Amino acid sequence: MLEVADASERLGWLQALRGIAAVSVVICHCNLNLAGPSYEAVIDILNRLGAGVDLFFVISGFIIVHTTRDDPGGVRSAAGFAIKRLRRIWPAYVALTIVVGLLTFGWGLILDDDTRTRLVKSVLFVPASYDSIYGSQIIVQGWTLGFEIYFYAVFATSLLFASWRWTFLAAWWGVTLIILPLIYHASLTDVFQSYATTDYPLNYLKLATNPVIWEFVAGGVAALIYQSSVRIRSEQLCSALALGSVAFALWNTLSPMVPSALGVALGYAIMIAAISVASKTIDISAPWALRYLGDISYTLYLEHLAVIYILKSVYTFIGLQDEWTTLGNVPVTVFACILVAALTSRFLERDLLRWTWSAFRPRSRSYPELSKSSA
């Protein structure tokens, strides 16, 4: 029989989901390796695993709302929240952006005016181009962090309103995700159409009004459901709810009940809400390996495309081009990406921040003579 869950352990499964999301994106991008008509069906399946990005967004919305549950709000809370999130994301992203930029453009990254501008916008999480949702960042995956940072900025602003934060957020999402798109004839559901056809007076509105923001909102709503008094006493019913929601999310990934990426994300939000409610009653544990993948998921997500391209160069150098384009190379590529992330995540996500902080932190001065006289 499943034991009643302890509150401190209830959300370990959420970290496992982050690991699954990261690996899904890595596997999706392995379709860059495959070639030939015989792999068309496989490539179609791998492309669907790109929905790991949508799962990331839903999880982010859940975590932000859940971790600020008891936050009183105010200027200090808003500043602390913003600093904490930037410390988590920015150092590793900037370091990898510079490395990838130098490998791609050489010194042109700095010397070429257009490329330098692209670099500056990339490290500031501003789209370098508004021609498509992907934003032409130095690191291709950087477009997703642009949405993350925007969501964090809006949420940090909401903390300034203290107990009125939910009113502010409801009004903000209503204006930016419904009213403005309707005024400018943008799609309310198609995450690509807003960039392709909408003519806003300010380009950044293409990001701020994009329907993909609903995925963060859906994750936040799931967190509110978890924090509510909703509880199911029956352990059997909780088990069925958790397993059923996972099965539904998997099915919905392959055949979304609502067209577009939002349909996939809705399935993930329902799954996370269901599992979180069930975890109030039963112990929902996750294998250590999946939780570890969740721990290194950010580094894995940022690095994996660079690792794939480097691995391709290695295959070419040793004369294994044909093996590179086969399905059997997919697990090799995934393993290589995970290995590199495992070896570098501590430095990128912890040591780099600590070293940077130590380098720029004002050092306190000691005055031995004064100390002696005071004694």
Side-chain angles (χ1 to χ4, degrees), residues 18-56 92-93 95-109 115 118 122 129 131-145 192 250 253-255 261 264 287 289-290 292-294 296-345 347-348:
R18 292 179 67 174
I20 292 171
V23 173
S24 295
V25 175
V26 174
I27 296 174
C28 168
H29 287 152
C30 284
N31 64 13
L32 299 172
N33 308 355
L34 303 178
S38 60
Y39 290 125
E40 288 182 359
V42 175
I43 291 174
D44 181 62
I45 294 174
L46 295 187
N47 283 337
R48 294 178 186 273
L49 294 180
V53 170
D54 304 292
L55 179 55
F56 266 131
Y93 177 66
L96 287 173
T97 294
I98 292 173
V99 170
V100 171
L102 288 173
L103 290 174
T104 304
F105 302 103
W107 291 112
L109 178 70
T115 308
R118 185 178 172 188
S122 291
S129 169
D131 294 334
S132 75
I133 194 174
Y134 301 112
S136 299
Q137 308 291 69
I138 299 293
I139 294 181
V140 176
Q141 310 92 294
W143 72 272
T144 63
L145 295 181
F192 299 101
L250 290 173
T253 298
L254 298 176
S255 181
V264 176
L290 289 180
Y292 177 72
L293 287 174
I296 65 171
S297 60
Y298 180 55
T299 299
L300 176 60
Y301 179 71
L302 285 183
E303 288 182 342
H304 75 276
L305 277 178
V307 174
I308 289 174
Y309 286 122
I310 292 172
L311 193 60
K312 180 180 180 180
S313 298
V314 171
Y315 269 64
T316 301
F317 180 76
I318 61 179
L320 295 177
Q321 298 95 321
D322 293 338
E323 285 74 8
W324 174 255
T325 60
T326 64
L327 185 61
N329 182 57
V330 171
V332 176
T333 302
V334 174
F335 175 79
C337 291
I338 293 174
L339 178 61
V340 173
L343 293 173
T344 58
S345 62
F347 169 74
L348 287 172

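Counting from 1, the numbers follow the sequence of the chain as shown. Computed from a predicted structure; not experimentally measured.
- With sequence neighbours left out, Asp44 forms a salt bridge (charged side-chain N to carboxylate O under 4.0 Å, His left out) with Arg48.
- The minimum heavy-atom distance linking Ser345 with Ile296 is given by the pair OG-CG2, 3.3 Å.
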Pair Val330-Leu34, side-chain contact (heavy atoms from CB on, under 4.5 Å): steps then yes or no: CA-CA 9 Å; Val330 171; Leu34 303 178; 4.3 Å; yes
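- With sequence neighbours left out, the side-chain hydrogen bond (donor to acceptor under 3.5 Å, both in side chains) criterion links Thr325 to no other residue.
- Atom CG of Leu55 is separated from atom CG of Leu49 by 11.5 Å, given to the nearest 0.5 angstrom.
- With rounding to the nearest 0.5 Å, the separation of OH in Tyr93 from CD1 in Ile98 is 11.0 Å.
- With rounding to the nearest 0.5 angstrom, the OG1 atom of Thr299 is 11.0 Å from the CG atom of Leu343.
- Residue Cys337 comes nearest to Leu300 through the heavy atom pair O-CD1, 3.5 Å, listed as atom of the first residue, atom of the second, then distance.
- Considering every non-hydrogen atom in both Leu145 and Leu302, the closest pair reads CD1-CD2, 3.9 Å.
- For residues 132-145, the set of pairs meeting the side chain to side chain donor-acceptor pair (under 3.5 Å) definition, not counting sequence neighbours, comprises Thr144-Tyr301.
- The closest side-chain heavy-atom distance from Thr316 to Trp324 is not below 4.5 Å.
- Rounding to the nearest 0.5 angstrom, the gap separating the CG atom in Leu46 from the OG atom in Ser24 is 10.5 Å.
- Annotation: the span from Leu102 atom CG to Leu109 atom CG amounts to 5.0 Å, rounded to 0.5 Å.
- Residues satisfying the side-chain hydrogen bond (donor to acceptor under 3.5 Å, both in side chains) test with Glu303, not counting sequence neighbours, are Thr344.
- Using a 4.5 Å heavy-atom cutoff, the side chains of Asn31 and Asn47 are in contact.
- The shortest heavy-atom contact between Leu348 and Ala92 is O-CB, 3.5 Å.
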Which pairs of donor and acceptor atoms, one on a side chain in residues 306-314, lie under 3.5 Å apart (sequence neighbours left out)?
residue: Ser313; atom: OG; partner: Tyr309; partner atom: O; Å: 3.2

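- Annotation for Gly52 and Ala21: closest pair O-CB, 3.5 Å, computed over non-hydrogen atoms.
- The list of side chain to side chain donor-acceptor pair (under 3.5 Å) pairs with a residue in residues 327-336, not counting sequence neighbours, reads Asn33-Thr333, Tyr315-Asn329, Asn329-Thr333.
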